[in-house]
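Here is the structure we will look at, set down as structure tokens.
A quick note: this is a predicted structure, and the numbers were derived from the prediction, not measured.
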Amino acid sequence: MDKVRLYINDNQERFINELFDILRIPSISAQSEHKEDMVRCAEHLAVALMKAGADHAEVLPTAGNPVVFGEKIVSPEAKTVLVYGHYDVMPVDPRAEWETEPFEPQIKDGRIWGRGADDDKGQSFMHIKAFEAMCATDSLPCNVKFMLEGEEEIGSKHLYDFCEQNKKMLAADIILVSDTSMISMDTPSITCGLRGLTYMEVEVVGPNKDLHSGIFGGAVANPANVLTRLVASLVDEQGHITIPHFYDKVRELTAAERKAFNEAPFSLDDYKSSLDVDDIEGEAGYTTIERTGIRPSLDVNGIWGGYTEEGTKTVIPARACAKISMRLVPNQDFEEIGELFAKHFRAIAPKSVKVNVKFLHGGAPYVAPTDMPAYRAAERAIEDVFGKKPLPFYSGGSIPIISGFERILGIKSLLLGFGLSEDAIHSPNENYSLLQFERGLQTIPLFYKYFAEN
């Protein structure tokens, strides 16, 4: 490990420069105009894996964006770690709110700024460079496989079939994932639970064309007005989701479980200050930590209709739309929730409009046992680097494919993330501190060491 640490220290500046090369590629999976960028980024990563020490690496096609697969086998008897990450990134909108160029990364105030700096290029690249350090110093104690996909931000639609078709190639003892966050650098944590996700799109259709709001206003249903009423009714004043049977399978935690869950350090004042809000909002009777970790939620992710450009245009829009996501907790089925949502939304719509409801994507919640060998190895590694034993932590986020891995491949995942809440993932001005990058590089080789010894 001393040789590994020395190698990392000696090459860290180069690592950052190589990360910048990947961050410059606008691999936005949600936008079709970036299809060629997706392939370019995948090919770049395959080359990076070969240079890092992989026996072979290749770009494998799917019905969507390609998967990068690479591996190094040190011994048939050694344990095998499958590293999962994604090279696709979120769109940069709203562009005007970026203080730097999204795809021209730079270091400012000790942080790397740019789209994908954390989610997930920065975190995935730590694994490639930690792997390189172990290979270069002849210190790799496990077989390592890499599976880097290009569709996580749009639901990993084609990765499920890829896993079904490549079970033997992907066989491993554990799937190692860095696509999550810690509580803080002072309070390290390991994510042992993720909320599931159901993502819907709704359309409210009124007249057969946009209408003059003076001539027709007050006589014809305005789809935008109707949509906002329907959406507002989905969550009541107590923060409770109103869809019938939505909570039927949600397990209520005991008082002791809730007490233990809330022992994680949390400052409500700091939370509000960091978001520049005067107060918080959510399901009545639950703390902020509980609301984002062990309770389901419903949010509008986008809403549009009518005239939104500069100036005025007095119209009643012919249609209005919204994208709505629901975060789910263990025992909730994402497909069942989608059906409940669609049934309810159609039922509450007035006869003056038509509604169309579409399921976009989703995934099941995931729980990682804290007593599995990989968790214990990660716990020791983090304690060595951070000087503190990490806390188990339930994340409010979702990585739908993680539960798919367990179902298809029969392999548990270890969520060893180094992100922080202030990294602004999915938002303008995404960033990732050099300290996070450095500690990730230091922790990953120790995980391999302890996992191999266990």
Side-chain angles (χ1 to χ4, degrees), residues 23-38 88-106 108 113-117 119 153-154 199-235 272-279 281 298-325 345 349-350 352-358 360-361 422-431:
L23 294 179
R24 291 189 179 100
I25 303 174
S27 49
I28 304 173
S29 55
Q31 297 174 345
S32 57
E33 61 263 34
H34 290 286
K35 189 73 176 177
E36 292 184 3
D37 293 318
M38 304 305 299
D88 64 321
V89 299
M90 278 286 182
V92 299
D93 304 310
R95 176 65 185 83
E97 295 184 14
W98 282 81
E99 297 175 6
T100 64
E101 287 295 323
F103 295 108
E104 189 51 56
Q106 62 176 268
K108 183 176 64 172
W113 297 81
R115 176 58 90 220
D119 184 21
E153 299 293 14
I154 54 173
Y199 200 113
M200 311 293 292
E201 182 174 315
V202 296
E203 179 186 45
V204 175
V205 182
N208 58 6
K209 55 183 174 293
D210 287 0
L211 300 177
H212 189 292
S213 65
I215 296 173
F216 293 93
V220 178
N222 184 320
N225 292 0
V226 174
L227 175 62
T228 54
R229 289 202 306 268
L230 298 181
V231 167
S233 74
L234 296 174
V235 180
K272 291 188 291 187
S273 176
S274 69
L275 299 175
D276 195 21
V277 296
D278 294 330
D279 204 357
E281 189 174 298
L298 182 150
D299 287 286
V300 176
N301 304 123
I303 188 166
W304 66 96
Y307 184 72
T308 59
E309 302 301 322
E310 184 180 0
T312 62
K313 185 181 181 184
T314 51
V315 295
I316 293 173
R319 65 193 65 239
C321 305
K323 293 182 186 289
I324 298 169
S325 65
F345 200 84
S352 55
V353 297
K354 302 179 183 69
V355 297
N356 299 310
V357 184
K358 184 191 301 183
L360 296 183
H361 71 82
E422 58 261 38
D423 294 347
I425 63 172
H426 294 200
S427 302
N429 303 308
E430 181 177 351
N431 61 90

Hits for salt bridge (charged side-chain N to carboxylate O under 4.0 Å, His left out) against Arg319, two or more places apart or cross-chain, chain-then-number order -> Glu203
Side chain to side chain donor-acceptor pair (under 3.5 Å) between Ser325 and Asn301, intermediate numbers included: CA-CA 7 Å; Ser325 65; Asn301 304 123; 2.9 Å; yes
Side chain to side chain, Leu234 and Ile324, heavy atoms closer than 4.5 Å: yes
Sorted by chain and residue number, the side chain to side chain contact (heavy atoms under 4.5 Å, CB included) partners of Ile215 (sequence neighbours excluded) come out as His212
Does a sphere of radius 6.0 Å around CD in Glu33 hold more than 12 heavy atoms from other residues, nucleotides or ligands, not counting ones at 6.0 Å or beyond? yes
Write down the atom of Val355, the atom of Ala349, and the distance for their closest heavy-atom approach. CG1-CB, 3.6 Å
Write down the atom of Asp88, the atom of Met38, and the distance for their closest heavy-atom approach. CB-CE, 3.5 Å
Of all heavy-atom pairs linking Glu430 and Gly116, the shortest is OE1-N, 3.0 Å
Applying side chain to side chain contact (heavy atoms under 4.5 Å, CB included), name anything that partners Glu309, two or more places apart in sequence or on another chain. Tyr307
Where do Asp37 and Ile25 come nearest, in terms of heavy atoms and distance? O-CG2, 3.5 Å
For a 4.5 angstrom cut-off between non-hydrogen side-chain atoms, does Lys108 reach Thr100? yes
Who are the ring-ring contact (aromatic ring centres under 6.0 Å, His included) partners of His34, not counting sequence neighbours? none
Taking only residues two or more places apart in sequence, or in another chain, which ones meet Val92 in a side chain to side chain contact (heavy atoms under 4.5 Å, CB included)? Arg95, Trp98, Pro102, Phe103, Arg115
Decide if atom NZ of Lys358 counts as having more than 12 heavy atoms of other residues, nucleotides or ligands within a radius under 6.0 Å. no
Might you point out which heavy atoms bring Ala221 and Val226 nearest each other, and give the distance in Å? CB-CG2, 4.4 Å
Listed partners of Pro317 passing side chain to side chain contact (heavy atoms under 4.5 Å, CB included), at least two apart: Asp210, Asn222, Ala224
Nearest heavy atoms of Arg24 and Pro105, plus distance in Å: CG-CD, 3.6 Å
